[in-house]
Amino acid sequence: MKRNTTLLAFMLLLSGLSFAQVQPFGHLTIFSEDGDKFFLILNGERINDEPQTNLRVEELVQPYYNAKIIFEDNTKAEISKNFLQIADADGIFMDVTYKIRRDKNNPKKMKMNFFSMIPVVDGFIPPANVHVRRWGQPAPPPQVVVQQTAPTAVVQQTTTTTTTTGGVNAGVNIGGVGVNISINEPVITGSTTITETTTVTTGGTVVAQPRQPREVVVVDNNPSCVNRRPMNPNDFNAALQTIRNQGFDESRLKTAQQVAQNNCLNTNQIIEICKIFGFEETKLSFAKFAFDSCVEPRNYFKLNDIFSFSSSADELNDYISRK
């Protein structure tokens with residue numbers, strides 16, 4: 001009897017250890033309830049080059065992302081969602097699903113709502129109707145097939161790029177025909193991948209064969225949040241609740257820093273976050289960290305009232321003056 005009890009305890013211990021393992025990433029699935037095809041952009045990265053109705057993005061390494069949904073039917077309004085949650089309240093990565101549907105009162109208005117959240121399962125195989133992409137892996141360029149009357153010809157494509165502070169211009173010349181593409185964004189960060197293609201014609205059919213992509217770094221000359229829009233109230237309230245759900249000030253600080261790092265905040269929003277912390281030192285740490293995310297730094301003096309000691313306010317003011 002004693003041997004059986006010991007064996008049972010050992011099995012329970014192994015089971016507990018297996019459940020305690022934390023996955024280093026999560027997965028995201030977005031599907032359209034009404035079959036509307038869409039493109040997904042996460043943190044500024046376009047996930048799919050072909051519109052899909054059911055899209056899965058695997059191995060996401062951040063607990064939250066900024067997402068934008070652009071529909072193939074451009075008469076339907078885009079969906080923007082900041083602070084899209086991939087991890088649960090304890091910071092454990094999950095397999096999360098969101099659902100897109102049309103507004104009953106306005107078919108052109110689209111909504112994306114949380115649908116389900118389950119633990120990450122190793123070796124999970126998605127259904128055949130789900131288009132799967134892996135985070136960080138660029139979408140393959142579509143193959144272009146063009147009918148050509150000439151029996152044999154070689155056409156070379158030359159791509160040049162120009163980086164400006166306001167956007168990116170790309171000029172493409174194919175067989176003597178020039179095409180200019182202009183992309184204008186108020187702020188561009190990160191990098192852009194340009195794919196060069198050599199087109200070979202044989203037997204009357206032209207098949208585009210993409211080369212290895214090369215990376216062009218686009219410099220952001222205005223990374224500041226000054227005079228930009230802060231988080232909208234709904235997204236901010238969701239972020240605030242997530243911060244409150246953390247058990248300790250250290251965890252709350254890390255979550256709050258993730259919010260400030262990926263969003264712009266006004267002074268009142270920064271004050272509301274500071275009020276969640278129980279320790280003066282934590283309030284001061286976040287107040288310093290969030291300064292670069294503030295859309296109105298001229299009003300940062302309002303944060304002086306959140307501190308219990310004047311020395312904390314003095315330290316914050318000294319930090320700001322040095323910046």
(request) Rounded to the nearest 0.5 Å, what's the gap from NZ on K275 to CG on L240? Could you check? (result) 10.5 Å

(request) Compare every heavy atom of P107 with every heavy atom of K76, then report the nearest pair and how far apart it is. (result) CE-O, 4.3 Å

(request) Evaluate the criterion side chain to side chain contact (heavy atoms under 4.5 Å, CB included) for residue pair F114 and V96; output intermediate values, then yes/no. (result) CA-CA 8 Å; F114 174 82; V96 187; 3.8 Å; yes

(message) Treating E33 as the side-chain partner and K99 as the backbone partner, does any N or O pair qualify as donor plus acceptor under 3.5 Å?
(response) no

(message) Do I270 and F289 make a side-chain contact, defined as non-hydrogen atoms from C-beta onward lying under 4.5 Å apart?
(response) no

(message) Return the OG1 to CG distance between T97 and N113, rounded to the nearest 0.5 Å.
(response) 13.0 Å

(message) Quick check: do N317 and F301 have side-chain heavy atoms less than 4.5 Å from each other?
(response) no

(message) Quick check: Y98 with F115 (ring centres under 6.0 Å apart)?
(response) no

(message) Treating H27 as the side-chain partner and E59 as the backbone partner, does any N or O pair qualify as donor plus acceptor under 3.5 Å?
(response) yes

(request) Please determine if R252 forms a cation-pi arrangement with F277, meaning its NZ or CZ atom is less than 6.0 Å from the six-membered ring centre and no more than 45° off the ring axis. (result) no

(message) Looking at E280 and S308, would you say the former's side chain and the latter's main chain have a donor-acceptor pair under 3.5 Å?
(response) yes

(message) Quick one: does any side-chain atom of D90 pair with a main-chain N or O of I92 as donor and acceptor, under 3.5 Å?
(response) no

(request) Give, for atom CD1 of I41 and atom CG of N43, the distance between the pair rounded to the nearest 0.5 Å. (result) 11.0 Å

(request) Output, in order, the C-alpha distance, side-chain angles, deciding distance and verdict of side chain to side chain contact (heavy atoms under 4.5 Å, CB included) for N245 and T255. (result) CA-CA 10 Å; N245 289 340; T255 305; over 6 Å; no

(request) Give the cluster check for F31 versus M117: same hydrophobic cluster or not, with ILVMFWY residues linked at side-chain heavy-atom distances below 4.5 Å. (result) no

(message) Counting C-beta onward and ignoring hydrogens, is there a side-chain heavy-atom pair between F83 and T242 closer than 4.5 Å?
(response) yes

(message) Testing the basics here: between K283 and I306, what is the closest heavy-atom pair and its distance to 0.1 Å?
(response) NZ-O, 3.5 Å

(message) For Q269 versus C264, what's the shortest heavy-atom pair and its separation?
(response) OE1-O, 4.1 Å

(message) For a 4.5 angstrom cut-off between non-hydrogen side-chain atoms, does R56 reach D95?
(response) yes

(request) Might you point out which heavy atoms bring A67 and L40 nearest each other, and give the distance in Å? (result) CB-CD1, 4.4 Å

(request) State yes or no: do M231 and L253 share one hydrophobic cluster built from I, L, V, M, F, W and Y residues joined by side-chain heavy-atom distances below 4.5 Å, directly or via other members? (result) yes

(request) Work out which heavy atom in F38 is nearest to a heavy atom in N54; give both atom names and the distance. (result) CE2-N, 4.4 Å

(message) So which atom in V130 and which in L55 form the shortest heavy-atom distance, rounded to 0.1 Å?
(response) CG1-C, 4.4 Å

(message) For D103 and N106, which I'm curious about, is there any donor-acceptor pair between the side chains at under 3.5 Å?
(response) no

(request) Inspect cysteines C225 and C294 and report if their side-chain SG atoms are under 2.5 angstrom from one another. (result) no

(request) Indicate yes or no: at least one non-hydrogen side-chain atom of L42 is less than 4.5 angstrom from one of L28. (result) yes

(message) Could you tell me if the side chain of D36 sits less than 4.5 Å from the side chain of E72, heavy atoms only?
(response) no

(message) Check whether Y300 reaches the backbone of A287 with its side chain - one donor and one acceptor, N or O, closer than 3.5 Å.
(response) yes

(request) Verify the cluster assignment for F39 and M112: are they in a single hydrophobic cluster under the rule of side-chain heavy atoms below 4.5 Å apart? (result) no

(message) Quick check: do I79 and F71 have side-chain heavy atoms less than 4.5 Å from each other?
(response) yes

(request) Considering only NZ, NE, NH1 and NH2 on the basic side and carboxylate oxygens on the acidic side, decide whether D49 and R133 come within less than 4.0 Å. (result) no

(request) Answer yes or no: is there a donor N or O on one side and an acceptor on the other, between the side chain of Q85 and the main chain of A87, under 3.5 Å? (result) yes

(message) Using a 3.5 Å distance criterion without hydrogens, assess whether the side chain of N66 forms a donor-acceptor pair with backbone atoms of N262.
(response) yes

(message) With a 4.5 Å cut-off on side-chain heavy-atom distances among I, L, V, M, F, W and Y, is there a chain of contacts connecting F291 to L284?
(response) yes

(request) Could you give me the CA-CA distance, side-chain angles and deciding distance for I69 and K81, then say whether side chain to side chain contact (heavy atoms under 4.5 Å, CB included) is met? (result) CA-CA 9 Å; I69 300 292; K81 188 173 183 64; over 6 Å; no

(request) Following the transitive rule for hydrophobic clusters with a side-chain heavy-atom cut-off under 4.5 Å over Ile, Leu, Val, Met, Phe, Trp and Tyr, establish whether F286 and I271 coincide in one cluster. (result) yes

(request) Dump the intermediate steps for side chain to side chain contact (heavy atoms under 4.5 Å, CB included) on V295 and R229, then the final yes or no. (result) CA-CA 7 Å; V295 300; R229 289 185 180 180; over 6 Å; no

(request) Taking the six-membered ring for Trp and the full ring for Phe, Tyr or His, determine whether the centres of F93 and F25 are under 6.0 Å apart. (result) no

(message) I need the M94 CE to D88 CG distance, nearest 0.5 Å.
(response) 5.0 Å

(request) Quick one: list whatever passes salt bridge (charged side-chain N to carboxylate O under 4.0 Å, His left out) with E315, sequence neighbours left out. (result) K288

(request) State, without any angle test, whether T282 and D249 hold a side-chain donor-acceptor pair at a distance under 3.5 Å. (result) yes

(message) Between Q62 and Q258, is there a side-chain heavy-atom distance shorter than 4.5 Å?
(response) no

